[in-house]
Amino acid sequence: MIACVSFHTSPMPRLAAKISSMFSVACCIVRPWRPTQPDPLPTVSLENSSQTSRNAYVPPHLRNRPAVSVPSAPTSAAPAAGSGQSGYGGSRWGGPQNDYSSRSGYTGGGGRGRWGGGRDQEVNPFGDDVDAEQAFSEQENSGINFDAYEDIPVETSGQNIPAPVNTFAEIDLGEALKANIRRCKYVKPTPVQRYSIPISMAGRDLMACAQTGSGKTAAFCFPIICGIMKAGQPVQRPPRGARTAFPLALILSPTRELSMQIHEEAKKFAYQTGVRVVVAYGGSPINQQLRELERGVEILVATPGRLVDLLERARVSLQMIRYLTLDEADRMLDMGFEPQIRKIVEQMDMPPPGERQTMLFSATFPKEIQRMASDFLSNYILLAVGRVGSSTDLIVQRIVYVHEAEKRSYLMDLLHGQRESAVQGKQETLTLVFVETKRGADSLENWLYANGFPATSIHGDRTQQERELALRSFKSGRTPILVATDVAARGLDIPHVAHVINFDLPNDIDDYVHRIGRTGRAGKTGLATAFFNDNNASIARALAELMQEAKQEVPEWLSTYAKRSTYGGGKNRRSGGGRFGGRDVRREGSFSRGGGYDHYGGNGGGGSGYGGGGYSSGATSAWD
Ligand SMILES: Nc1ncnc2c1ncn2[C@@H]1O[C@H](COP(=O)(O)OP(=O)(O)OP(=O)(O)O)[C@@H](O)[C@H]1O
């Protein structure tokens, strides 16, 4: 039986009306919050055992195997400079066991930020190492509208669902991680964190759908870091080449920039915990990434293409994986990435579902993808914060009818309006303009530049260096307009993006949801403007429904388009024309993979193509 629980947290007045009055062309930015801590443990931890056994984690698939001889520890072991604490005790290759809990202050309040055992000195990812408590109190109540999330309906389904928490204090995250949460100035958990962290820390598989900008990264990082710290280092590494890295957790994301961002975030959360985070993505020299891997890795953040490369070179083994996370999971499982994901998860040496813990996160989860995802999960819990695939009503959405030939002059008017607002003392903000093609991005960037607007662009034909440069230039405000293709649609968390303009609307409503989600993040408000014309008729209905659901004003003419159109706006979802996205596909009678309901989510790993071949072996995504 699949239980289903719906929650509706305290009824707060909807925000859309409030927010819309705050906008003229640009919108204002509000600043972040604050936090707190505490309890269930991941299933892999050995907390009932003696202290000795606590260190001796052996993944289930390696248990009862004859002991292997393990390459001896590298001798480089630089002593932990300036610290009485032991550094990174052992090595990646066996040697003395490492105990994260004693080394990194799991119970005692922070390590020293030093790595011994062949590891580097840990760089402080927070920059100034100001006292965490001080930073916390200075930043508290800095104006973020956290209450904005309080009236979001939450639904969970699955068996034996752990109860949500209200504060970080209720979760046993350990002192080092808690200090980092304070450094991040997270005062309390967002709804997706309140529900998903206890679920993940109880060792359960999870499919979590929550709106853009609602804190999913921390939601999957905290339990992973905490689980690794609690369980301690594996007692032995399997004998591969001495240069093979054996991460304990793998976080996959669809774009290089998103992987880099997750890496940066995870490094902050893992600071002084003894858990080392490494990133690997395409488009940049592999040698540097190899060197990082050689220094040791507990959490590997990667794009699929580069990871496949590393696996084929036997420079990474997935044998020791205890945690697998797919961020932007629906994107990772659609036709662009599915073959690579199956290869990584099912055809290499990763432990199967049930032996590893799998967490899928996204703001959108088409039903078809939910069904396919069951191959990767075991007895999972589905968590939906807000409607699956809905946008947050922190974003004011405006749709304007603009003929193709007039788009540029309309854009110019918008940007001039913004500039005037800025001159009138309103805060200078960033504007993200989405176009459909790479060529379109180049051409619009040039045109904007020629017309006196400092713009840059990002798309898949740019070199990685150019992509990173463009993003930096945008983030810093040097070029406050970024023209982008969908490569920038998902996951990127850029402060001060106040306006997202869909110069070209996408064909898929989920893409629209992710694009506009680059603004209105973490409780801040945002504005999204879309140019609509006859070419976009196919998305009209989905768009009108989405806007209605988010309490946005739907123009009369859009409703007319919507009524006329057959259901569209989703290449792989909502084809039934029902309300958005639906819910847990396990509750639908039609859902059966290999033996019906009880079998659902069982052992997975069959690796069959989705839907009888509906998804062909796609080419490597250009994103990666
Ligand atoms: N508990 C919290 N308190 C305050 N800020 C938070 C909290 N959790 C996350 N944030 C901040 O919220 C912002 C958005 O978080 P994040 O990027 O994880 O969102 P997301 O849900 O993954 O978005 P997307 O769906 O676009 O990928 C980040 O700047 C993050 O630092």
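In each ligand, atom 1 is the first atom listed, and ligand 1 is the first ligand listed.
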Option nearest atom 15 (O) of ligand 1 (shortest heavy-atom distance, choices Cys209, Gly491, Gly215):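 Answer by nearest heavy atom: Gly215.
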
Contact check: Gly213 vs ligand 1, nitrogen or oxygen atoms, below 3.5 angstrom: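 The answer is yes, given that Gly213 and ligand 1 share an N or O pair closer than 3.5 Å.
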
May I ask you to check whether Lys185 has an N/O atom sitting below 3.5 Å from an N/O atom of ligand 1? no

Side chains of Ser473 and Thr479, donor plus acceptor under 3.5 Å: yes

Thr364 and His514: side chain donor to acceptor below 3.5 Å: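 Distance-only check passes for Thr364 and His514.
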
Tell me whether ligand 1 is touched by [X] - counting only heavy atoms on the residue side and a distance under 4.0 Å.
X	value
His514	no
Lys188	yes
Ala210	no

Mark up the atoms of ligand 1 that fall under 4.0 Å of a heavy atom belonging to [X], in ascending order.
X	result
Thr217	16 (P), 17 (O), 18 (O), 22 (O)
Arg518	26 (O)
Ser214	19 (O), 20 (P), 21 (O)
Arg521	14 (C), 16 (P), 17 (O), 19 (O), 20 (P), 23 (O), 24 (P), 26 (O)
Gln211	21 (O)
Glu328	27 (O)

Tell me whether the guanidinium CZ or amine NZ of Arg306 lies under 6.0 angstrom from the six-membered ring centre of Tyr281 and within 45° of its axis.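 Relative to the ring axis of Tyr281, which defines the angle, Arg306 lies outside at least one limit.
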
Judged by atom type as modelled, is there a donor-acceptor pair below 3.5 Å linking the side chain of Asp205 to the main-chain atoms of Thr358?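 Yes; at least one donor-acceptor contact below 3.5 Å.
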
If only atom types and distance count, is the side chain of Thr431 paired as donor or acceptor with the main-chain N or O of Ile481 below 3.5 Å? no

With backbone taken as N, CA, C and O and side chain as the heavy atoms from C-beta onward, which portion of Asp493 lies under 4.0 Å from ligand 1: side chain, backbone, both, or neither? side chain

Considering the options Arg518, Arg490, Arg515, which one meets the side-chain contact (heavy atoms from CB on, under 4.5 Å) requirement together with Thr212?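 Only one option passes, and that is Arg518.
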
Could you check whether Asp493 pairs with Arg521 (Lys NZ or Arg NE/NH1/NH2 to Asp/Glu carboxylate O, under 4.0 Å)? yes

Using a strict 4.0 Å threshold on nitrogen-to-oxygen distance, state whether Glu338 and Arg331 make a salt bridge. no

Mind checking whether Phe503 and Phe434 have ring centres under 6.0 Å apart?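 Aromatic pair excluded; centres sit 6.0 Å or further apart.
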
